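For the single chain, residues carry numbers from 1 onward in sequence order. In this text the structure is predicted, and so the values were computed from the model without any measurement.
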Amino acid sequence: MRIAYLTIDNINDNVILAQTFPLLGRLATLPEVDGIDLFALRKHGGDRYRAYLPPTRIRVRVGNNHGIWHPLTWLHLVRFALQAWARTRAGAVLIGRNPISLLCLSLAASRRGTRLVLDYRGLLSEEYVLQGKIARRGRMHRLLRRLERWAIRRADAILCVSERLRERTVRWQPVAAGKIVVIPCCYDPRVAGRDEAAIERLRGELALDPARDFVLAYAGSLSVWNRPEAIREVFHAFRQIHARTRLLLLTGDLEAAQASFGDEAAIIIRSIPHEEIQHHLALADLGLLLRDRSSVNRVASPV
């Protein structure tokens, strides 16, 4: 059996490194899997992602991401669809991460004996609304909702990221009830270990005094649903209580971080490789995860 996995997310994004690669790595070890074809976009270039893949059995194809609505991006997605169709044989399992990715695999799924699987990671239409990419109840919002409905009905199986998302999906589309399996975000055991020497080295580099400094940490994107303004407000509230409060901000969105937080000396902003995250988090006294009540956040996998 061969597996094809397609995602419109960028292959070097931490969300792919943390969620998709551990899943593919485990699938690649199954004796009945002959190999995996991974199709993904790439925004900033670089091959850092290859360090997270098993050395064999996963073949990667990437295309440049010029923005989700850019014609060149869609040209790459069409290329992915044709390549997946050309390599697909009877018995293949085709996995699309979100409805747009599943649509790209629908051509290959027309071959006899294939199975189409939706890796359902969240509400794409609502995420785009929160990010300001589309207007709520606008034409694109309605189109994405219809695409989501089609994907749920068309998929032979659905990998669901949380019980809340499964419940919402079944209420909306009862036909999905018998084909959803909940698989929360997988973790990589390589980033679960604790290295005391590395932690102490970082503490020295960042000039943190565990006896005097109180360290808040946030790790993740600065997308609107992660509420950067609330992170700043909480940090300032802690500073009023304890003057030596520091904020350790770990994010790939360096430009946004510098624009929002860069003028304060007590805030440490870093973009680090995924495999080093556990040592930085170990410096913190308290971690922050601040989110509003919304459909996007209600169905998210716990972080």
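Under the 3.5 Å distance criterion, the side-chain polar atoms of Asp34 are matched with a main-chain donor or acceptor of Met1. Looking at Ser162, its side chain does come within 3.5 Å of a backbone N or O of Leu165 through a donor-acceptor pair. Using a distance-only test at 3.5 Å, with no hydrogens or angles considered, no donor-acceptor pair links the side chain of Arg42 to the main chain of Asn10. Between the side chain of His242 and the main chain of Asp213, no donor-acceptor pair closer than 3.5 Å is present. In this structure, the side chain of Arg203 does not engage the main chain of Leu283 through any donor-acceptor pair within 3.5 Å. A donor-acceptor pair is defined here as one N or O able to donate and one able to accept, closer than 3.5 Å; such a pair exists between the side chain of Asn98 and the backbone of Ile100. Using a distance-only test at 3.5 Å, with no hydrogens or angles considered, no donor-acceptor pair links the side chain of Lys43 to the main chain of Gly67. A distance-only check finds a donor-acceptor pair linking the side chain of Asp285 to the backbone of Val215 [under 3.5 Å]. With hydrogens and angles ignored, the 3.5 Å screen pairs no side-chain donor or acceptor of Asp119 with any backbone N or O of Ile95. At least one donor-acceptor pair closer than 3.5 Å links the side chain of Trp74 to the backbone N or O of Ile68.
For Arg298, the side-chain contact (heavy atoms from CB on, under 4.5 Å) criterion is met by Arg164, Arg293, Ser295, not counting sequence neighbours. With sequence neighbours excluded, no residue forms a side-chain contact (heavy atoms from CB on, under 4.5 Å) with Ala259.
Looking only at atom types and distance, the side chain of Arg154 has no donor-acceptor partner in the side chain of Ser106 under 3.5 Å away. A side-chain N or O of His76 and one of Arg79 form a donor-acceptor pair less than 3.5 Å apart. Counted by atom type alone, Asn297 and Ser294 present one or more donor-acceptor pairs between their side chains at under 3.5 Å.
Tested against Thr73, the residues Leu41, Ile8, Val78 include a single side-chain contact (heavy atoms from CB on, under 4.5 Å) partner, Leu41.
Here the side chains of Gln19 and Leu23 are not in contact, with every heavy-atom distance at 4.5 Å or above. Annotation: side chain of Ile58 is not in contact with side chain of Tyr5 (no heavy-atom distance under 4.5 Å).
Atom CG of residue Leu208 and atom CG of residue Leu202 lie 9.0 Å apart, to the nearest 0.5 angstrom. Taking CG of Leu77 as the reference point, atom CZ of Phe39 lies at 11.5 Å (rounded to 0.5 Å).
Judged by a 6.0 Å distance limit and a 45° cone about the ring axis, Arg232 is positioned over the six-membered ring of Phe261.
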request  = Could you walk me through whether Trp150 and Leu103 pass the side-chain contact (heavy atoms from CB on, under 4.5 Å) test, one step at a time?
outcome  = CA-CA 9 Å; Trp150 167 85; Leu103 179 64; 4.2 Å; yes
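Linking ILVMFWY residues whenever their side-chain heavy atoms come closer than 4.5 Å, directly or via other members, places Phe214 and Phe235 in the same cluster. Under the 4.5 Å side-chain contact rule for hydrophobic residues, Leu222 and Leu216 share a cluster.
Using the six-membered ring where Trp is involved, Trp69 and Tyr128 have ring planes that are perpendicular, over 60° apart on the 30 and 60° scheme.
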